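Written out below as structure tokens is the structure these notes cover.
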Amino acid sequence: MSKKPAPTKTRGRSVPAKPAPAKASSATKTQAAAPAAAGKPSKGAPPLERTEALRVYRQMLLIRRFEERAQQVYVEGKIGGFLHLYIGQEAIACGIMSLLRKDDYFLGAYRDHGYTLARGADPKPLMAELMGRSTGISRGKGGSMHFYDIPNGNFGGDGIVGGHIPIAAGIGYAIRMRGSDQCVVCFFGDGAINEGAFHEAMNVASLWDLPVVFVVENNMYGMGTSVERASAVTALHERGAAYGMIHLPCDGMDVFQVRDTFADAFARARKDKKPTFVEVITYRYRGHSMSDPGKYRSKEEVEKWHEKDPIARVGLFLLEQKVATTATLEAIDKDVMLEVDECIKFAEESPWPPAEYMYEDIYVKTPTLNWRAVEKDPAWERSLPDDRVPVVYPPHVSTVKG
Amino acid sequence: MSKKPAPTKTRGRSVPAKPAPAKASSATKTQAAAPAAAGKPSKGAPPLERTEALRVYRQMLLIRRFEERAQQVYVEGKIGGFLHLYIGQEAIACGIMSLLRKDDYFLGAYRDHGYTLARGADPKPLMAELMGRSTGISRGKGGSMHFYDIPNGNFGGDGIVGGHIPIAAGIGYAIRMRGSDQCVVCFFGDGAINEGAFHEAMNVASLWDLPVVFVVENNMYGMGTSVERASAVTALHERGAAYGMIHLPCDGMDVFQVRDTFADAFARARKDKKPTFVEVITYRYRGHSMSDPGKYRSKEEVEKWHEKDPIARVGLFLLEQKVATTATLEAIDKDVMLEVDECIKFAEESPWPPAEYMYEDIYVKTPTLNWRAVEKDPAWERSLPDDRVPVVYPPHVSTVKG
Amino acid sequence: MAMITMREALNQAMREEMKRDPKVFLIGEEVAHYQGAYKITAGLVQEFGDWRVRDTPISEEVIAGVAVGAAWVGMRPIAEMMTFNFSMLALDIMVNHAAKYRYMSGGQIRCPMVLRGPSGAAAQVAAQHSQSLESYFAHVPGLVVIMPSTPKDAKGLLKAAIRDDNPVVFMENEVLYNLKGEVPDEDFIIPIGLSEVKRTGQHVTIVAWSRMCYQSLLAADILAREGIECEVVDPRTIRPLDEAPIFESVRKTNHCVIVEEAWPQASVGAYISDRVQRECFDYLDAPVLRVNAPDVPMPYSKVLEKLYVPQPEKIALTVKQVLA
Amino acid sequence: MAMITMREALNQAMREEMKRDPKVFLIGEEVAHYQGAYKITAGLVQEFGDWRVRDTPISEEVIAGVAVGAAWVGMRPIAEMMTFNFSMLALDIMVNHAAKYRYMSGGQIRCPMVLRGPSGAAAQVAAQHSQSLESYFAHVPGLVVIMPSTPKDAKGLLKAAIRDDNPVVFMENEVLYNLKGEVPDEDFIIPIGLSEVKRTGQHVTIVAWSRMCYQSLLAADILAREGIECEVVDPRTIRPLDEAPIFESVRKTNHCVIVEEAWPQASVGAYISDRVQRECFDYLDAPVLRVNAPDVPMPYSKVLEKLYVPQPEKIALTVKQVLA
Ligand SMILES: Cc1ncc(C[n+]2csc(CCOP(=O)(O)OP(=O)(O)O)c2C)c(N)n1
Ligand SMILES: Cc1ncc(C[n+]2csc(CCOP(=O)(O)OP(=O)(O)O)c2C)c(N)n1
Ligand SMILES: [Mg+2]
Ligand SMILES: [Mg+2]
């Protein structure tokens, strides 16, 4: 199983790095400093059980096939609006979710199919959501950018770049109040770190010791803008030093390194209540969204990254370890394709949301309200006294004194 | 003339430093790195001419006496709203303004009396502004938090913490478009650096090489909250590393060190178009504003800082250097007191703003407008075709290709 | 019934609810050890500790964001804006997150939080610190907006807001903090969305909330001496708006004046005027008239500020105009 | 006269003004090398270079802030919001800075800038990306707000906005970007604050702007077939509002319908309704009626989105209701 490569090597491999000497120097320094700052040697993740390894492989493949089909269906006009594909970044969601506990939380931006699938959600309601059907996970009201699966701690997709980062700090704050050893993972892109929201949230997470794991998925571009043209320091994890937060890079094309890196981060969050800032270096194979031909990237660059394909990498590992034969892998792929076909079928056979849905799920019907005032307001009239699905809270909320 | 002390010494002296080892270590590292990053040895400022030294002394004293009287008058109910005093921080404004060129710009927050006086503005309209008279520098419409003196490049006081920092980047951007060698100084407090606005502005200033000198006046508190309780890293200048920006600390109680530090920063801005982030360590003698008794600070702490009084320090220097005798200094003080008395007299004898003032200075009367639409709107009806005072632009705006 | 100030009433509401429910906590700038910039939260950190009364850095987006995140996982945060003049920095969190995630998730998420603090003009704090921005929140489906005018309303409605399962924007008024009034001793709440007729009269209906309700009652006293009887309706909750009692009153008096501290355009008062002309068209003897701040920024000088804030005399004048 | 799309019209306006005045520059996310997220700024960076067509990090507060600072020292920035859904992150800069510094400085400062971009619903981009937030800007003295509905208006008004010495918020509509229309070949501007009667009729006055003006004209066609003649008034500028022509029209038709893409509460449409009932009280045969988006967030599903956006049929129905 691959160990963390020297950060500089990772950078060199993945980023066409041409930062000014001043930046570069301070860069390497902080990187070196980071693991030390952790104050204990990296333990890494336990080796994947053979079966578990196969499961992760299948999951990564499911994300890819699910999105490839979604792309086709989009072109057929059966999906509307924005469609942001996670293809190429599968190892990150799958590596992290393979370590996340049932009672942990996570949230991210609009490129959210991968997180939800990796967390183990039934893909049928997800495809139905993309097609705007009433059986969709958000009842057809959210669409591609807004997958949520609260019973599984999935606070899903935010369409506002950086907007969910302060909210992740709030979930971490609630965990501290409870005194539980849960943690929350906050995914965002390289473009999001230049929003003020990132800055404000990183500072309080470190200041208050919140169990938040911040994950910047550096896929080299925010829409058409490369990291070099957006961030004064291109080794993004170094931003963590400004908040005294442990920060380090990670190869996002390697699910095993992802697991090693985050196993440490989760342990730190659960035991020491300390946040970690991980820069996962990866690449989005497709354009930013369906409308983006991706002219700003060279064919060579894209191909270079395909050579590091995260799924092929795991497949190779499975073969090397004799966990699987080529036949097994092909069987898995077939199986996945069939599952995706069923998703399409399920979605297309699902009913469209009825008009009433428009007025539902806005307010919670609450006893503190003067009912007479809103009886003619459909938004209130159709509100429910409770959530549509029970949200998992710990049975008892204990508050800790600071 | 005092040279820059080792940053760590400065910190030790000025901040009750108890940062976590990780933070501390990375701290010293970056500090050490900073001057090096400048890529050339610090030249510092030319020694003050005898007369110039006396002028600076008088100016610092004027700020203090002006505010002491303002405080009295406030208690008498002749000034309303918020009154934030700069007392204790005089060396910063005076040191910086003694180097600033006539065609340079600066802007800051609501604690703005010191900047305006140090820039050489006539104090009479300032006192009149505090008393809300029509002769005030903002015609009685701004008050203490909103001193502006545009002909002198003073974009003055912002009441929104951090709000003016992105605007400073915009002034720097305009300077780059012009291709001139002007620079802009952006003052803000230790509390302001946790606003998202700071983060967004620092990144673009470094990314685009804007001639902005960022000055965080670390007076140890944002209202009642100490730096330790607000910022995860207490060596505030280190935040500059996150943007690859040259950053260093400076003793704000020592006008000579202030001059040395900023002479370098201005040279860097004018020649290399590079921004600098300076943390000036200082202290506000008074409460945050008139309503704040400052209970959160110990008598000992406050006294400790009075021992470093920036005005006394210059006075001592003048005596040591035989530039002045005790008698000269007393004479200067008397003279300053008289000048402040005249300010009060001028303000109290000035007329109150007439009702029409309320509707003036909102819009610019512009030929692009359909006049008929607004003839009944006093805000438009009383608008002027031009600014009340001519703003100094360079005669010709040349734009540079990036 | 005890006579207490609105400041005390708000403080009691938070203390009682924090005692009642360990999930309630308070977060904001200077709310803890400084005892609140306006001392609304005095004594709370001593009683509940730093984790439930949290001083923050000056980071409005995080203050609101932390509240939203904590609310999503079952807490009941009260986030303080030192003043609502700074709430534009938290507006995206409230409008794009607090108000929308329940909808976008098809009813999986709830956001039981309160965003509270002083709003409106204080005394000579000038243009950036004297704004009444309730329209920004009232515009948005998914939010609840409350603006109390008396200590009793403040306490009863804040307690209701804290117990409510929706994101509530609770806007106080600094000038009213020292206003005294009778407040029940026992535990009570005032339902959200319940307006109150603060004074009955048959000649004209005045709709006003927060400080403007207070000003309108003073105007009503002046007019009463001249035999003009005003009915003053205080919606108390701006969203959802309890319209029926307003329409009822207008149908009785046939005249309506709406008094608002905010600017006139695209405002809450404009909406109420639209609703009244729509629902009481056949009952109105004259157009609905409005009293607002002038459509300009707030000037600093006290002589100008006095002209700026709607005064009882100006309200009285407008009432006479609508009756003329 | 050439037939061009609104996209081309906006692009021409910026190119011509940038040629005309070296102080004009453009700044925003993806405006340069990506040619604009909606291709409105296509070709400009090739012609004017990176300093005058500047790609930025994703930092809305800095995009608006840089524009304000540059404007204060004599430049004429055009700042693009990729969409106005993100403008809440720049709202403090616009409201507390762009709109107030001239006032607070007693007339020493001017802020000749344009904040522009698409606003309103697109196609299935859901709740966070389908908002019409013009009310947030129209509420504020010190700002100018423009919302064009045709390529000609877009070009003439954007050129005027760029030459104007006040901070202008210029809100476009994504759905109209491909709309074609005749645009004069010669250099021209359309004065700010000048409304236009887009269709004359004697039975009812429809006030509508941006995409809703387009929808209203379609409704007018439907109604014309039934013998109902609508007069459609497009204010084009929301602040300052050119009221006289609206009042004139209502005094002629005695009926008024206001069509708005935004939510109904505390909105621009509510204010226009208030103004009409005030100034045309004796001329109205029926209350002013309004057509708005439902008072809920925008749902994703296309079947729901279609019900959400005010359609010509719905407008026609409301017109019949006001005439009934
Ligand atoms: C506040 C805000 N600004 C701008 C946008 C438009 N936008 C959507 S995605 C995107 C790029 C984000 O890039 P990155 O954070 O790297 O995430 P990635 O798309 O690469 O996963 C932009 C600018 C937005 N949705 N929200
Ligand atoms: C956006 C915003 N949030 C909060 C406030 C209230 N406030 C005014 S001054 C201040 C403290 C600022 O401290 P610092 O930046 O250190 O400046 P200092 O007062 O020490 O000079 C606060 C919280 C404000 N004016 N603006
Ligand atoms: Mg990216
Ligand atoms: Mg301070």
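Below, read A as the first sequence line, B as the second, and so on, with proteins coming before strands; counting in each chain starts at 1. This structure is a prediction, so every number in the text was calculated from the model and none was measured.
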Contact class of B/A201 relative to chain A, heavy atoms under 4.5 angstrom: neither
Are the side chain of A/E200 and the backbone of B/E195 linked by a donor-acceptor contact shorter than 3.5 Å?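 Not at all, since once roles are kept as given, no pair shorter than 3.5 Å links the two residues.
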Donor-acceptor contact below 3.5 Å, side chain A/N203 vs main chain B/A232: yes
Take the angle between the ring planes of A/F198 and B/H199 and call it parallel below 30°, perpendicular above 60°, tilted in between. tilted
In Å, rounded to the nearest 0.5 Å, how long is the span from CE of A/M202 to CG of B/N194? 13.0 Å
